Amino acid sequence: MTVLTHPDTRPRINSVASDDLNEAERERIRAKSALFAPPEARLEDGRRDLVGMSREELATLMTEIGEKPFRAKQIWHWIYHQGATDFSKMSTIAKPLQAKLAEHFIVGRPTTTTEQTSVDATRKFLFRFRDGQEAETVYIPDRKEDRGAVCISSQVGCTLSCTFCHTGTQKLVRNLGPAEIVGQFMAARDSYKEWPSPSADMPRFLSTIVLMGMGEPLYNYDNVAKAMRIIMDGEGIALSRRRITLSTSGVVPMMDRCGDELGINLAISLHAVTNDLRDQIVPLNRKYPIEELMAACRRYPAASNSRRITFEYIMLRGVNDSEADARELVRLIKDMPAKVNLIPFNPWPGSDFKPSTREQLAKFAKIVMDAGFASPIRTPRGQDILAACGQLKTESERQRKTA
């Protein structure tokens, strides 16, 4: 693929210098996100899905049906600790209340349209939601231990159009709601029969979450944040914030908010070390250039030597994989608690990019490692089922509005 370069003559606005500007930008992002809001978590018969609701919302619903708010704690335990989907199986709840709950509510899951397991044991799920839209979720088991990461989608489609990413060729259809985000993890645990939730001192097969599936999580922040709070709740799924990583292409104003409110791990889809190139392959860079992105990383409150920021770097042959690129990458992350994941490009139908050669990968990695940063070369997983990084895509399309 030919990548053009040109002098960068655009004025760079230092949004970091102004809290007011950052807040205004956050409100603009939220307003745009609302245009792609998910449908209400309710069935046609009026029953509401309890998955995805906060504790406070659950308590309010109990009051609305004439029950005491403390019932919410019981139901929360059954939904998120036991994994129950049938009210009649909630044995600590009296049968009359079980029937009442079933009359008003459901405990939902996305429908598994397809489930594929790779030769390397990676498993990909295509989940369908109530309005017929679909998203993909991938479970990547550890090669050595009985644990693994669930790669969760935050949107149907994507709005970023990164040129090397298959998902980026699918226009944004809509955001996923909290029930749909939490539901992906819960449905994956259904598949592996990992209920009830393991206690803190027990091993977990589905041990981590990476928000690295379809979509840009920070363009759907409110729904993602609500879902992660549910997952981190100590009386349910109880996954530590240290076990959750959010990957962003660099939505700078929302990075600050995520760090302040959630404190989960951060991964940056960097993929280029100059604005000229990143403008082309990660178009979001035109709005939030590398200088602003690096500044946001340096002030991310959860970053420390024990919880380093991960920089994801797709290695594209002849595009971003030179020794000069490696040295500039080192300069960018200097004095930052960071590691670099070097990701061989995973080909997909219609792409013009090629993966870097093994020799060039090794040269690049050595420069970064010699500078004191871990730079593992990620082994592609699930390529045979198009489950590898940048390969996720569905047939969902945005519904056209008719007069």
Side-chain angles (χ1 to χ4, degrees), residues 29 33 36 38 52 110 122 124-125 127 129 135-140 148-160 162 165 167-168 172 174-189 206-233 237 239-271 282 284 296-297 300 302-303 307-312 314 341 343 378 381-382 387-394:
I29 290 169
S33 177
F36 297 92
T122 297
K124 183 172 77 169
F125 306 88
F127 291 128
F129 306 107
E136 291 188 317
T137 304
V138 177
Y139 174 68
I140 308 163
V150 184
C151 182
I152 287 178
S153 294
S154 56
Q155 297 177 308
V156 180
C158 190
T159 189
L160 297 183
C162 297
C165 181
T167 311
L172 177 62
R174 68 167 175 84
N175 290 329
L176 293 177
E180 295 167 329
I181 296 169
V182 175
Q184 293 173 65
F185 184 74
M186 297 174 79
R189 289 183 73 175
L206 281 68
S207 59
T208 59
I209 285 176
V210 288
L211 287 153
M212 297 181 184
M214 299 171 61
E216 166 55 65
L218 293 185
Y219 274 150
N220 185 26
Y221 176 77
D222 288 342
N223 289 314
V224 167
K226 186 176 181 182
M228 292 306 104
R229 289 189 186 101
I230 290 169
I231 284 172
M232 292 187 292
D233 187 289
I237 293 171
L239 203 61
S240 164
R241 68 185 69 242
R242 293 175 174 270
R243 295 288 186 179
I244 301 173
T245 299
L246 182 145
S247 175
T248 177
S249 291
V251 186
V252 168
M254 305 310 291
M255 288 168 59
D256 294 325
R257 188 173 173 199
C258 178
D260 290 338
E261 295 181 357
L262 296 180
I264 56 181
N265 300 322
L266 187 67
I268 302 296
S269 294
L270 187 62
H271 312 310
V282 185
L284 182 66
C297 290
Y300 192 75
R307 297 178 66 193
R308 294 169 292 174
I309 292 176
T310 299
F311 288 91
E312 298 164 307
I314 295 278
N341 270 351
I343 307 170
R378 185 185 295 176
R381 304 288 296 276
C389 182
Q391 291 185 318
L392 303 187
K393 186 179 179 182
T394 74

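Because the structure is predicted, anything quoted here is derived from the model rather than measured.
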Derivation and outcome, side-chain contact (heavy atoms from CB on, under 4.5 Å), residues L218 and R257: CA-CA 9 Å; L218 293 185; R257 188 173 173 199; over 6 Å; no

Point-to-point distance, once rounded to the nearest 0.5 Å, from CD1 of I314 to CG of L270: 11.5 Å

Option from V224, I181, V182 for which side-chain contact (heavy atoms from CB on, under 4.5 Å) with L176 holds: I181

Shortest non-hydrogen separation from A135 to S153 and the atoms involved: CB-CB, 4.1 Å

Set of side-chain contact (heavy atoms from CB on, under 4.5 Å) partners for N175, sequence neighbours left out: S33, F36, P38, Q155, N220, N223

Exercise: identify the closest heavy-atom pair between Y300 and C258: OH-SG, 3.7 Å

Results of side-chain hydrogen bond (donor to acceptor under 3.5 Å, both in side chains) for R189 - residues two or more places apart only: S197

From CE (M186) to CD1 (I230), nearest 0.5 Å: 9.0 Å

Approximate separation, where rounding is to 0.5 Å, of C151 SG and E136 CD: 10.0 Å

Identified side-chain contact (heavy atoms from CB on, under 4.5 Å) partner of V210 from the options I152, V138, I244, T245: T245

Heavy-atom pair of closest approach, residues V282 and S249: CG1-CB, 4.1 Å

With sequence neighbours excluded, residues passing ring-ring contact (aromatic ring centres under 6.0 Å, His included) with F127: F125

Closest heavy-atom pair and its distance - G263, A302: O-CB, 3.6 Å

Non-hydrogen atoms of G52 and K226 that approach each other most closely: O-CE, 3.1 Å

side-chain contact (heavy atoms from CB on, under 4.5 Å) between C297 and I268, intermediate numbers included: CA-CA 9 Å; C297 290; I268 302 296; 3.6 Å; yes

Pairs where residues 262-271 contributes a residue and the test salt bridge (Lys or Arg N to Asp or Glu O under 4.0 Å) is met, not counting sequence neighbours: none

Spacing of I264 atom CD1 and R242 atom CZ [to the nearest 0.5 Å]: 13.5 Å

Derivation of the side-chain contact (heavy atoms from CB on, under 4.5 Å) call for M254 and T248: CA-CA 10 Å; M254 305 310 291; T248 177; over 6 Å; no

Pair listing, salt bridge (Lys or Arg N to Asp or Glu O under 4.0 Å) test, anchored in residues 243-253, at least two apart: none

Least distance between heavy atoms, A296 atom then V252 atom: CB-CG1, 3.9 Å

Test item: side-chain donor near acceptor, S154 and E216, under 3.5 Å: no

Which residues share a side-chain contact (heavy atoms from CB on, under 4.5 Å) with T310, sequence neighbours left out: A267, E312, K339, N341

Heavy-atom check, side chain of Y219 versus side chain of L160, under 4.5 Å: yes

Any side-chain heavy-atom pair of L211 and M228 under 4.5 Å: yes

Atom pair CG (L172) and CE (M214), whose distance is rounded to the nearest 0.5 Å: 9.5 Å

Residues which pass salt bridge (charged side-chain N to carboxylate O under 4.0 Å, His left out) with R229, listed by chain and number, not counting sequence neighbours: E261

Counterpart residues, salt bridge (charged side-chain N to carboxylate O under 4.0 Å, His left out), relative to D260 (two or more places apart): none

Rounded distance [0.5 Å steps], CE in M212 versus CD1 in I140: 8.5 Å

